[in-house]
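Per chain, numbering begins at 1; letters A, B, ... match sequence-line order. Only heavy atoms go into these numbers, but all of them, side chains included; no hydrogens, no water, no symmetry mates. Treat the numbers as computed from the prediction; the structure is a model and nothing was measured.
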2 protein chains.
Amino acid sequence: MPEYLSRRRPLLHETRCQTCSLSSLCLPLALELEDMDQFDAIIRRRAPLKKGEPLFRQGEAFTSVFAVRSGSLKQVTIEGNGNDQLTNFYLPSELVGLDGIDEQHYPGSVVALETTTVCEIPFDRLDLLSEELPELRAQLYRSMSKEMREDRRMMRLLSRKTADQRMASFLITLSDRFRRRGYSPYSFRLSMARADIGNYLGLAVETVSRILSRFQSQNVVAVSGREVNILGMPQLLALAEEDIQEVASS
Amino acid sequence: MPEYLSRRRPLLHETRCQTCSLSSLCLPLALELEDMDQFDAIIRRRAPLKKGEPLFRQGEAFTSVFAVRSGSLKQVTIEGNGNDQLTNFYLPSELVGLDGIDEQHYPGSVVALETTTVCEIPFDRLDLLSEELPELRAQLYRSMSKEMREDRRMMRLLSRKTADQRMASFLITLSDRFRRRGYSPYSFRLSMARADIGNYLGLAVETVSRILSRFQSQNVVAVSGREVNILGMPQLLALAEEDIQEVASS
DNA sequence: CGGAAATTTGACATGTATCAAGCCCTGTGG
DNA sequence: CCACAGGGCTTGATACATGTCAAATTTCCG
C-alpha cells in the first residue's frame, strides 16, 4: 500500500464522538452508544482555526453551538464605544455559543487563541434530537445551568475580590480545568496574552504583570513568559479567598 | 350568601396561565391554548412570601424553578468567608432557580424583598413536558440563554464601568423592566435597600447614596427614600455609557 | 412614641489605573 | 545565522476613584 494512503488522516473516525478522548466531558457524555451515533450524525467538522481567526463574529446569525476539540478561544463583546470586554475563555470539551439562542445572534465574537479545532453542532438539529434523547436534553440544560453558575462566580470575583485574589482565582480555575482534562494542574502554558487576562479579570495589564511578578517573588508560582508552574497550591488557594486581616490564622 | 364565601379568593382561577396578566412575558408565552392547559397542570401554587422570607436557601436540593407572579426577590450567594454576593434581582414573569439544574442544589438563597407570590414549576415535570412541546422547550432554552447574556452584561458593568455608570445603568435597566411590564418607566419604587444595590453593583453603600444624591442635584432623577423619578432619561443614558472625556460632543 | 435600622454626609486612606519608559522575546528578511 | 523591528511584557512614579471609618439624621415599625 502506498504510504500516502495509509498516512491519510482518518478524519471521519477521529471526529466520531465514540472515539473522542473528550467524550466523557463533552455534551454527549451521558448517551448510550447507539444514541451517540445519532448525535454524531448531526455534527459538522470544521477546518482548524489559526491563532487570531474568529469562529464567528459578534452579531452574526446564530445557527450552531460549537464544542472545542483542541486549542482554546476567547469570547469578546464590543459595546457602543470601543470598549471591549472579554467574557470567557473556552477549553476543549466546552460549549461555545449557547448565549446566542435567545436573540438568534451571537452576542460576542469568539476568536482562537492558538490553532484550534471545533465540532459544529447545528442548533435546530440539536434541539430536535434533544426531543428524542432525554439524556441529551438533560445535559444541554446542565451545560447552560453550569455556565450561569460560573458567570455568577465571575460576578463575585469582579465585584468583591482584590487584584491579588482575582489573579490567584484565575490560576486556580485554569489549573482545575487542566486537571479535569488529564493535564498537569501544576504546570501549563497560558494561551492568552497578559492583556487578555487583564481584560477578563477587570484589571490593567500592568497590574496583571506586577502581581505575577510578586507571586513569583513569594515562590507561589514560577512564571516564564506564558509558562506557568504552580509551586505552592495551598498558598495560592489562601491568596484567592482570604481577606487581608485573615492571614494571622496559621 | 354570607360575605365570607363570596369574598373567598378564587385562587385556582387566578393562577391559571390563560388568565394571568404575565402570560405574554412568562415561560408559556409561545404556547397554544391547549398546550397551556398542560403546562398549567404541572404548576403548584405557593402561599405568598413575606418580606425577608426565603423562597429557598443556598444548598437546598433543586426540585423546581419558580416564576415570579408579583413582588420581587433577590438572589444571594455566600462563600466560605462571610462575604456574600447579591447576583440578581427578580421581577414578575422572571424565572428563578435555573442555575440549580447542573448541581441539583440551589447555588444561592433567594429572598423576597416585599410580599411576593410565585408559581412553582417542578423541574422534572417541566423537562418531560418540554419533550412534548417544542415551543416550551424553545422558550426554556431562550430563558437560559437570555440569563447568560445578562450575566455577561453584568460582568462588563462590574469590570469596566465607573460607579456613576453602574448606578445609571442600574436605573435604566430597572426602568426598562418596569416599562415592559406595563408600569411607568419614569416613576417607580425600589423594593431593595441601598445596601442591596451596593452589593449588586459592587459598590459601598455610601457610594450608592452619594451618587443618588449627586444625580438628584443634577436634576437627572428625583429620589425620596425608595421612590424614584427619572427626570432626564437622555442624561441618564449618557451617564451610563459615556467615558469621562466624551462629554464634549454636544 | 422610642429605639433600631437605614440612609446620608464628611474626612481620610489606599488599591489600582494611568502615564511613561525600557526590556525582552519572537518572528522575519537579508 | 544574525540583525532588526514590533509587539508583548515588566517596572516605576503619580493621580484619583472609591472604600473605609465615623457620626449625624431620617425612616421604619412595633
Side-chain angles (χ1 to χ4, degrees), chain A residues 50-52 74 83 85-86 113-115 157-170 189-218 221-228 239 242-247, chain B residues 50-53 74 82-83 85-86 111 113-115 157-170 189-218 221-228 239 242-245 247:
Chain A
K50 289 179 210 143
K51 181 175 173 174
K74 63 178 176 182
N83 234 336
Q85 170 69 24
L86 203 163
L113 292 168
E114 57 195 313
T115 303
L157 179 145
L158 291 171
S159 84
R160 287 268 166 293
K161 295 198 177 187
T162 66
D164 282 32
Q165 292 174 320
R166 293 181 201 191
M167 200 60 221
S169 299
F170 176 70
R189 179 166 219 287
L190 302 171
S191 59
M192 68 293 284
R194 299 286 190 277
D196 290 332
I197 298 176
N199 189 324
Y200 180 59
L201 297 178
L203 299 172
V205 198
E206 295 92 327
T207 305
V208 172
S209 185
R210 268 187 263 270
I211 292 174
L212 284 176
S213 299
R214 186 146 35 80
F215 282 3
Q216 176 141 249
S217 75
Q218 296 167 340
V221 295
V223 185
S224 172
R226 297 194 176 178
E227 291 297 331
V228 174
L239 279 166
E242 98 200 340
D243 264 358
I244 302 98
Q245 65 271 26
E246 298 177 35
V247 190
Chain B
K50 289 177 208 144
K51 180 174 175 175
E53 213 175 323
K74 62 177 175 182
N83 232 336
Q85 170 70 25
L86 204 165
V111 178
L113 292 168
E114 58 195 312
T115 302
L157 178 145
L158 291 171
S159 86
R160 287 269 166 291
K161 295 197 178 188
T162 66
D164 283 31
Q165 291 173 320
R166 293 181 201 193
M167 200 59 222
S169 299
F170 176 69
R189 178 165 218 287
L190 302 170
S191 58
M192 69 291 287
R194 299 286 190 274
D196 291 331
I197 299 175
N199 190 324
Y200 181 59
L201 297 178
L203 300 172
V205 199
E206 296 92 327
T207 306
V208 172
S209 185
R210 269 188 261 272
I211 291 174
L212 284 177
S213 299
R214 186 145 36 78
F215 282 4
Q216 175 141 247
S217 76
Q218 295 167 343
V221 295
V223 185
S224 171
R226 297 194 176 179
E227 292 295 333
V228 174
L239 279 165
E242 99 201 341
D243 265 357
I244 305 97
Q245 65 272 24
V247 190

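Distance, B/D196 CG to C/dT7 P: 8 Å, rounded to whole Å. Here D/dA23 presents its C1' atom at 12 Å from CD of B/E206, a figure rounded to the nearest Å. Note: CG (A/L201) to C1' (C/dT16) measures 14 Å, nearest angstrom.
Nucleotides of DNA chain D nearest to A/A193 and B/A204 differ in position, and the one nearer the 5' end is that of A/A193. Along DNA chain D, the nucleotide nearest to B/D164 and the one nearest to B/S224 differ in position, and the one closer to the 5' end is contacted by B/D164.
Axis angle between the ends of the helix from C/dC1-D/dG30 to C/dG30-D/dC1, five pairs each and rounded to 10 degrees, works out to 50°.
Distance check: A/Q165 CD to A/L157 CG gives 8.5 Å after rounding to the nearest 0.5 Å.
Between D/dC29 and B/K51, a contact under 4.0 Å exists linking OP1 or OP2 to a side-chain N or O. Not one side-chain nitrogen or oxygen of A/R214 sits closer than 4.0 Å to the OP1 or OP2 atom of D/dT11. Under 4.0 angstrom from either OP1 or OP2 of D/dG19 there lies at least one side-chain N or O belonging to B/T207. Using a 4.0 Å cut-off, no side-chain N or O of B/T162 falls inside it from OP1 or OP2 of D/dA17. Phosphate contact (OP1/OP2 of C/dA5, side-chain N/O of B/R194, threshold under 4.0 Å): absent. Distances shown here put a side-chain N or O of A/S213 below 4.0 Å from the OP1 or OP2 atom of D/dT11.
One cannot find a donor-acceptor pair under 3.5 Å joining the base of C/dG15 and the side-chain atoms of A/R210.
Looking at B/M167 and B/I197, their side chains come closer than 4.5 Å, going by heavy atoms from C-beta outward.
Residue A/L212 is out of contact with every strand shown, counting any heavy-atom pair closer than 4.0 Å. Using a 4.0 Å heavy-atom distance criterion, B/R166 is classed as making no nucleic acid contact.
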